[in-house]
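Fair warning: this is a prediction, and the values are worked out from it, not measured in the lab. Naming: A, B, ... by sequence-line order, numbering from 1 per chain. Every heavy atom of this structure was used, including side-chain atoms; hydrogens, water molecules and symmetry mates were not.
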Amino acid sequence: MKIPPVKGTRDFYPPEMAVRNWMIDGWKKVSVRNGFEEYDGPIFEYLKMFQIKSGDEIVEQLFSLQDRGGRDLAIRPEITPTLARMVNQQINSLPRPIKWFSVPRLCRAERPQKGRLREFFQWNIDIIGVDSSVADAELIFTTIDYLRMVGLTPKDIQIRISSRKLLAAVLLSVGISEDDLDVLYALLDKKTKLPAETFEQMLLEKVGEQAKADEISSFMAVASIDEIGQAVTMDSDIERAVVELETVFASLAVMGVAEYCVFDPSIVRGLAYYTGIVFEVHGATGELRAIAGGGRYDNLLRDFGGPAISATGMGMGDCVLELLLREKGLLDSQLGKRRLDYFVTFADKLFGGTMYEVAAELRSRGYSANFSYKLGGLSKQLKEASAQNAAKCIIIGQEFAESNQLAIKDMTTGEQELVDYGAFLSGLEPRDT
RNA sequence: GUGAAAGUAGCUCAGUCGGUUAGAGCACCAGAUUGUGGAUCUGGGGGUCGCGGGUUCGAAUCCCGUCUUUCACCCCA
């Protein structure tokens, strides 16, 4: 009986695995060089853990299960709750600031579509315990640091930055009540996805008065931080939020990534989760969904039963990123093919035993080496070496019997030289084994 | 969860009006080639035509259901 792969999952054959490893290696490298330390948690948690922050809709999109002891568990759809739990558990002994990263495998039971599967990998970086917006800027910088490293330019991608604090202050000054903020966030978040007229209409329905709707609309249409003063009536809360945004942009300019960044008041982010700076990374064409998103969520630890310590974080999934990199031709160009250091061959069956010995010597010195399992002629063996993309071939033939010499053939140039076996081994650069 | 389109070899696809033993290219394997690879030529293996049911003398082809994929919604932690 043939069993198909499960809906929304991927099989990673060697070529796909190479892509995945390359991507994850890049994430880890950039995290480490930006001063983050890696952590991870279990792949499942108590179901309750994921119900704290979120409503029933999210719970419906969880893969949940019951263990034999009747415990309700769920496969993690995100790692942030685990992070909160882990940090809370040791909050008194952890040196601050806490700069941690992780590349968890996550599962969400959503309907699969372009750039969204049911199982995926997500790079997460978080800074906990730093109130200053420098932490937000650093998070954004680290995100760009990776995207820039893999070859994406400001022409390809844009970091759109806004502030929940600013938006809240504006909405309150317009006369929206505190209780209605969350509902409005959800609507404003859709602004770019809906036709302009539909959006205006829905906004008017939500706020009731045309004057309020107009003021919100004019704020949402602001193209730069400087224009905020013209669109809305400033008050001290708005002023503070604006200053914070300006600080973030100034920091990013100093770090040399200003070209990637743009202020965009239509960046709101879905749920009532964020409390300060929010941002999303989008492809310039805007055809794909967001590549990454993040922001400040100062209530996170408290919501999970810990102290009120501030936090800011970013998540980047592998699916959309891969689509974008493929589109830009940045994947094949950077991805190294499988490369074998040596392929060991014999010109006479007499030397079959020596072939194993030479391969074993190379391997024990940290070099990758293969040989053919078939007892074919040299021609066949070299063909196999080519198929495995071997850098060099070692040919063991009559010269070995006569004077202990190996023929080393460079598979790129086709040139070949005779070397003494012992000299060859002692001449190898030491490698990590 | 809603709607639309698609599904034939490992991959990309052809397959006439419903008619005999379902084809091609690429990939794979082998030979040409027992001291020199990538190329070429020749040959070979590989199919429950997604699955189940129906109509028919006869179904890859028509009908229904179902699964999967893709796209658009919902949602996006």
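- Within 4.0 Å of A:Gln398, counting heavy atoms only, lies at least one base atom of the nucleic acid.
- If you check B:U70 for Watson-Crick or wobble pairing at under 3.5 angstrom, you find it paired to B:A4.
- Going from the C1' atom of B:G44 to that of B:A5 covers 38 Å, rounded to whole Å.
- Here the shortest heavy-atom pairing between A:Gln416 and A:Ala407 reads NE2-CB, 3.7 Å.
- A sub-4.0 Å separation between OP1 or OP2 of B:U68 and a side-chain N or O of A:Lys7 is present.
- The base of B:U70 lies outside donor-acceptor range of the side chain of A:Gln113, with no N or O pair under 3.5 Å.
- The base-pairing partner of B:C29, taking Watson-Crick or G-U wobble contacts with both distances under 3.5 Å, is B:G43.
- B:U70 atom P lies 11 Å from atom CG of A:Leu323, rounded to whole Å.
- Using a cut-off of 4.0 Å between Lys/Arg side-chain N and Asp/Glu carboxylate O, A:Asp341 and A:Arg431 are scored as salt-bridged.
- At a cut-off of 3.5 Å, with distance as the only test, a side-chain donor of A:Glu200 or A:Ser217 sits close to an acceptor on the other residue.
- In summary, the side chains of A:Ser177 and A:Asp180 do present a donor paired with an acceptor at a separation below 3.5 Å, with no hydrogens or angles considered.
- Checked by distance alone, A:Ser386 brings a side-chain donor or acceptor within 3.5 Å of a matching partner on the base of B:G37.
- Distance CG (A:Asp348) to P (B:U36): 13 Å, rounded to an integer number of Å.
- Both distances falling under 3.5 Å, in either a Watson-Crick or a G-U wobble arrangement, place B:G65 opposite B:C51.
- Within the nucleic acid shown, A:Gly315 has no heavy atom closer than 4.0 Å to any nucleic acid atom.
- Taking atom CZ on A:Arg296 and atom C1' on B:A77, their separation rounds to 19 Å, with Å as the unit.
- Using the Watson-Crick or G-U wobble rule with both distances under 3.5 Å, B:C17 pairs with nothing in any strand shown.
- Rounded to a whole Å, the CG atom of A:Leu378 is 8 Å from the P atom of B:G35.
- Of the candidates B:A77, B:G3, B:U36, B:G3 carries the atom nearest the A:Arg111 side chain, counting heavy atoms from C-beta on.
- Here the side chain of A:Arg116 is nearest to one of B:C75, B:U36, B:G38, namely B:C75.
- Donor-acceptor pairing under 3.5 Å, judged by distance alone, is present between the side chain of A:Arg108 and the base of B:A77.
- To the nearest whole angstrom, the two P atoms, one in B:U12 and one in B:G1, are 27 Å apart.
- Here the side chain of A:Asp72 pairs no donor or acceptor atom with the backbone of A:Leu47 at under 3.5 angstrom.
- Rounded to the nearest Å, the gap between the P atom of B:G19 and that of B:U61 is 11 Å.
- Here B:C76 presents its P atom at 14 Å from CG of A:Leu188, a figure rounded to the nearest Å.
- Distance noted for atom C1' between B:C64 and B:U56: 16 Å (whole Å).
- Nucleic acid contact class of A:Gly115 (heavy atoms, under 4.0 Å, all strands): none.
- On the C1' atoms, B:A60 is 13 Å away from B:U16, given to the nearest whole Å.
- One can place CZ of A:Arg269 at 10 Å from P of B:C76, the figure rounded to the nearest angstrom.
- Look at B:A59: it lacks any Watson-Crick or wobble partner with both distances under 3.5 angstrom.
- For B:A24 and B:G15, the C1' atoms lie 11 Å apart once the distance is rounded to whole Å.
- Nucleic acid contact class of A:Gln381 (heavy atoms, under 4.0 Å, all strands): none.
- Contact annotation for A:Glu399: base contact, defined as any heavy-atom pair under 4.0 Å involving a base atom.
- Pairing partner, B:G37: none, since no Watson-Crick or wobble contact has both distances short of 3.5 Å.
- Closest-nucleotide positions on RNA chain B for A:Asp189 and A:Lys114 were compared, and the one nearer the 5' end corresponds to A:Lys114.
- For the pair A:Thr80 and A:Leu117, nearest-nucleotide mapping onto RNA chain B gives the more 5' position to A:Leu117.
- A:Lys349 comes within contact range of no nucleotide atom at all, as no heavy-atom separation falls under 4.0 Å.
- When only modelled atom types and interatomic distance are considered, A:Glu357 and A:Tyr421 share a side-chain donor-acceptor pair under 3.5 Å.
- When rounded to the nearest whole Å, the span between NZ of A:Lys380 and C1' of B:G31 equals 7 Å.
- The listed nucleotides are B:C75, B:U33, B:A77; the one nearest the side chain of A:Ser379 is B:U33.
- Using a 4.0 Å heavy-atom cutoff across all strands shown, A:Ile395 reaches at least one base atom of the nucleic acid.
- Taking the P atoms as reference points, B:A39 lies 12 Å from B:C29, given to the whole Å.
- Seen from the ring of A:Tyr274, A:Arg164 does not count as a face-on cation partner, given the 6.0 Å and 45° thresholds.
- No donor-acceptor contact under 3.5 angstrom links the side chains of A:Thr142 and A:Asp145, judged on distance only.
- Comparing atom distances between the A:Lys383 side chain and each of B:U36, B:C75, B:G37 picks out B:G37 as nearest.
- B:C11 and B:A72 have their C1' atoms separated by 27 Å, with the value rounded to a whole Å.
- Residue A:Lys374 places at least one side-chain N or O closer than 4.0 Å to OP1 or OP2 of B:A30.
- Among the nucleotides B:U36, B:G35, B:C75, the one closest to any side-chain atom of A:Leu382 is B:U36.
- Under a 4.0 Å N-O distance rule, the pair A:Arg10/A:Glu16 does not qualify as a salt bridge.
- Protein atom CD of A:Glu384 is 12 Å distant from nucleotide atom P of B:C28, rounded to whole Å.
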